Amino acid sequence: MCGIIGYVGKKEALPIILDGLHRLEYRGYDSAGVAVQSSVGIKTARAVGKVAALAERCEGKSLAGTAGIGHTRWATHGKPSEKNTHPHTDCTKSFFIAHNGIIENFQELKEQLSKIGHTFKSETDSEVIAHLIEDAYKKTLNLEQAVQSALRKLRGTYGLAVISSLEPERIIAARMGSPIVIGFGEGENFVASDASPLLSYTRTMLYLEDGEMATLTPQAHTVRTLNDKIVMRSAEMIEWDANKIQKGGFSHFTLKEIMEGPKVIENTLRGRLIAEGGLARLGGLQTISEKLRTAKRIIIIACGTAFHAAQVGEYMLEEYAGIPVEVEFASEFRYRKPIINSETIVIAISQSGETADTLEAIREAKRKGATVLGIVNIVGSTIAREVDAGVYNHAGPEVSVLSTKAYISQLVVLALLTIHIGRERQMSLSVGRRIAKELQELPKKMEKIFESAKNIKSLAKKYAKYEHMLYLGRKYNFATAFEGALKVKEASYIHAEGCGAGEMKHGFIAMIDKEFPTVAMALQDSVYDKMLSNIQEIKARSGRVFAIATEGDKKVAKFADDVVFIPQTLEMLSPILAVIPLQLFAYYLTLERNLDPDRPRNLAKSVTVE
Ligand code: AGP
């Protein structure tokens with residue numbers, strides 16, 4: 001998720017843009033850049049790292065002008081570097097664009113444009129937009145129409161701001177899937193990715209809708225659709241403060257990021273599913289496709305929440321790709337003597353891409369000749385740079401220390417990887433299609449679970465008094481139990497113990513009494529009856545049970561004290577839905593204990609030390 005800001009008016013644009021970028025830094029901060037329209041054309045400055053680095057870079061340059069755009073980057077394609085930093089420009093340096101989103105068909109557009117002589121400077125998907133506008137302008141000689149023509153060729157998402165030296169004092173903005181808001185001042189107008197950077201200048205704003213574009217000059221604005229229909233919609237007064245806006249109106253980033261789950265699934269899947277063919281297209285694995293085809297086994301290494309995703313991935317890959325998989329804590333793998341060779345694929349999962357144990361485990365695996373594949377959220381992170389190949393999550397920045405939406409994205413990537421590898425081995429077309437189709441259904445099904453948020457919040461009130469909890473799960477939701485327990489531990493400091501339900505009778509059940517409740521994953525799947533028996537064993541020992549069950553299940557409510565239902569899905573994908581009530585439960589437990597879920601004590605977002 002990147003941050004965009006633009007200004008056109010009578011004041012110097014640069015200070016307004018830099019101030020706005022500082023307020024947008026929460027959206028992404030691996031690099032930032034500005035383009036300012038001066039009387040002698042458009043001048044730019046770019047810097048890797050935080051906005052402060054850009055401000056420093058600007059000091060040495062005369063970026064005078066009363067119109068300009070700025071961008072703070074969360075990389076999706078192309079690592080953080082100056083050449084990949086927005087604003088991007090075309091061959092003639094007449095058009096400058098700042099983009100937030102993912103252009104799915106950028107490769108084919110890039111090839112078409114290169115064939116007619118365009119040269120590209122960056123590795124990003126966004127740069128194609130500038131060249132498309134350059135190309136269109138030769139025919140339209142009109143910036144608004146050129147942008148319109150370019151946008152019609154894009155597939156994917158964009159929040160966009162465009163300026164051109166050929167039509168000074170004008171900003172074109174557009175929205176498809178990534179928010180864009182227009183701010184109205186006296187003799188000046190603004191564009192931004194959200195309202196937070198505009199609040200100190202104006203509260204009169206207009207949110208663009210998908211498929212709309214706006215033309216801003218100091219005195220006026222017009223809004224039209226891509227098929228040229230003028231849009232007459234009045235502006236609104238924005239009452240929220242910047243902090244509330246950055247959290248999307250939620251009280252904490254934790255809740256915002258849980259609720260982003262459906263969008264994260266869509267973004268993780270974007271451009272990667274060929275549903276008709278039951279295939280998954282993972283461009284980042286092309287260089288190791290032969291290794292993937294002939295590999296004899298897979299070891300997945302990770303820490304914390306990523307480790308739990310790995311455990312689900314093990315079951316997916318073994319059942320549907322027919323390849324032996326082991327899962328190891330990275331912190332163990334790196335110190336023991338793992339037997340690996342060139343026929344071993346090691347997969348490293350890491351949201352931050354900077355976890356020290358995972359990084360060292362990767363180096364150890366490479367020393368022993370394994371091919372290493374990364375599943376990473378932060379583009380250009382150390383792990384992303386050290387693995388042989390990889391798949392980016394495209395989950396957007398995860399601000400809360402609690403990993404929630406990244407976990408969802410990791411599971412979706414593992415399902416894509418299962419299709420990708422499976423369809424090159426035993427997986428049939430029909431199975432591939434079934435998984436692909438169900439993956440596409442997940443966002444809608446996840447939205448439905450949010451309707452239970454109020455019920456989950458009241459359950460948290462009931463359970464907040466307990467100091468101990470047992471989390472039980474089996475098979476695909478074995479890991480869900482451990483992930484749910486981890487969320488509670490790290491957010492509310494309650495002692496929550498994950499346990500494979502089959503293991504309960506081997507010791508754990510001794511702890512159960514009326515002061516030690518259990519959260520049980522009792523979905524209607526291949527281990528449903530076993531889970532029902534576990535619940536009855538707990539009830540027989542006066543233990544309270546909160547069950548996660550499948551919508552329409554009439555039996556669980558007879559045994560469990562509390563039930564939250566989730567929609568039916570394929571068993572291999574059920575952890576993606578089943579974890580949502582547990583994330584919300586942990587979040588509300590934390591509030592019941594008057595703690596801050598975004599910043600739990602003793603924890604860091606990225607454990608870069610051993
Ligand atoms: C998850 O809620 C925790 N914050 C922590 O376990 C985290 O998952 C772990 O440190 C791994 O981080 P990574 O995915 O960035 O490597």
Side-chain angles (χ1 to χ4, degrees), residues 76-77 102 104 107 156 261-289 291-293 295 298 300 302 306 308-323 325 327 345-351 371-377 379 384 387-396 405-443 445-446 476 479 569-577 579:
T76 57
H77 296 75
I102 296 173
E104 285 172 31
Q107 286 292 15
K263 198 80 193 140
V264 165
I265 296 173
E266 286 171 5
N267 286 337
T268 303
L269 291 175
R270 197 178 301 288
R272 292 170 164 170
L273 261 189
I274 306 166
E276 206 28 51
L279 298 167
R281 178 178 39 206
L282 298 172
L285 303 186
Q286 263 160 6
T287 53
I288 63 163
S289 48
K291 285 275 185 189
L292 276 178
R293 208 194 325 276
I298 290 176
I300 314 179
H308 299 145
Q311 290 178 300
V312 177
E314 174 187 359
Y315 288 19
M316 290 178 173
L317 286 160
E318 290 198 335
E319 181 164 9
Y320 289 96
I323 185 166
V325 180
V327 176
I345 296 276
V346 169
I347 299 176
I349 305 178
S350 175
Q351 188 284 131
T371 298
V372 184
L373 183 168
I375 298 176
V376 179
N377 194 32
V379 173
V387 293
D388 299 307
V391 183
Y392 282 123
N393 289 96
H394 293 166
K405 65 175 188 173
Y407 181 67
I408 299 297
S409 179
Q410 288 161 356
L411 295 178
V412 172
V413 168
L414 286 161
L416 287 169
L417 187 63
T418 300
I419 298 174
H420 183 80
I421 297 176
R423 293 281 284 126
E424 302 211 333
R425 292 166 184 254
Q426 314 303 323
M427 187 187 289
S428 67
L429 170 62
S430 60
V431 170
R433 273 180 180 159
R434 193 150 46 89
I435 300 171
K437 184 176 171 310
E438 192 52 33
L439 277 168
Q440 291 171 319
E441 298 289 316
L442 288 182
K445 292 187 173 183
M446 189 176 281
Y476 279 99
T569 182
L570 291 180
E571 184 170 0
M572 72 170 268
L573 300 178
S574 64
I576 298 169
L577 298 181
V579 77

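Keep in mind that the numbers below use all heavy atoms, side chains included, and drop hydrogens, waters and symmetry copies. Given the structure is predicted, the values throughout are model-derived calculations rather than measurements.
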At their closest point, which heavy atom of [X] faces which heavy atom of [Y], and how far apart are they?
X      : Y      : answer
Gln410 : Ala309 : OE1-CB, 3.6 Å
Leu439 : Pro443 : O-CD, 3.6 Å
Leu416 : Leu273 : CD2-CD2, 3.7 Å
Ala436 : Ile419 : N-CD1, 4.2 Å
Leu573 : Ala415 : CD2-CB, 3.8 Å
Val413 : Tyr392 : CG2-O, 4.5 Å

Name all pairs fulfilling the side chain to side chain donor-acceptor pair (under 3.5 Å) condition that reach into residues 265-279, sequence neighbours left out, sorted by first residue then second.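 Sorted result for residues 265-279: Lys263-Glu266, Asn267-Arg270, Thr268-Ser409, Glu276-Arg433.
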Restricting to pairs with a member in residues 416-429, which pass salt bridge (Lys or Arg N to Asp or Glu O under 4.0 Å), not counting sequence neighbours?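 Those involving residues 416-429 are Arg293-Glu424.
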How far does CD1 of Ile274 sit from NE2 of His420, to the nearest 0.5 angstrom?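 These two atoms lie 10.0 Å from each other.
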Looking at CE of Met572 and OH of Tyr476, how far apart are the two atoms once the value is rounded to the nearest 0.5 Å?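 That separation rounds to 6.0 Å.
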Within a strict 4.5 Å, meaning less than it, do heavy atoms of the [X] and [Y] side chains meet?
X      : Y      : answer
Ile421 : Ile345 : no
Val325 : Met316 : no
Leu417 : Ile347 : yes
Asn393 : Gln351 : no
Glu441 : Thr569 : no

May I ask you to decide if Thr371's main-chain N or O and Asp388's side chain share a donor-acceptor pair within less than 3.5 Å?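 Looks like no, no N/O pair under 3.5 Å.
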Can you give the donor-acceptor pairs under 3.5 Å from side chains of residues 278-289 to other protein atoms, not counting sequence neighbours?
from	atom 1	to	atom 2	distance (Å)
Arg281	NE	Gly271	O	3.3
Arg281	NH2	Gly271	O	3.2
Ser289	OG	Gln286	O	3.0

From CA spacing to verdict: side chain to side chain contact (heavy atoms under 4.5 Å, CB included), Ile349, Leu414: CA-CA 10 Å; Ile349 305 178; Leu414 286 161; 4.0 Å; yes
Before you tell me yes or no, could you show the steps for Leu373 and Leu292 under side chain to side chain contact (heavy atoms under 4.5 Å, CB included), namely the whole-Å CA-CA distance, both residues' side-chain angles and the distance that decides it to 0.1 Å? CA-CA 10 Å; Leu373 183 168; Leu292 276 178; 4.1 Å; yes
Fit a plane to each ring of His77 and His394, take the angle between them on a 0 to 90° scale, and name the class: parallel (under 30°), tilted (30 to 60°) or perpendicular (over 60°).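 Taking His394 first and then His77, their aromatic rings sit tilted (interplane angle of 30° to 60°).
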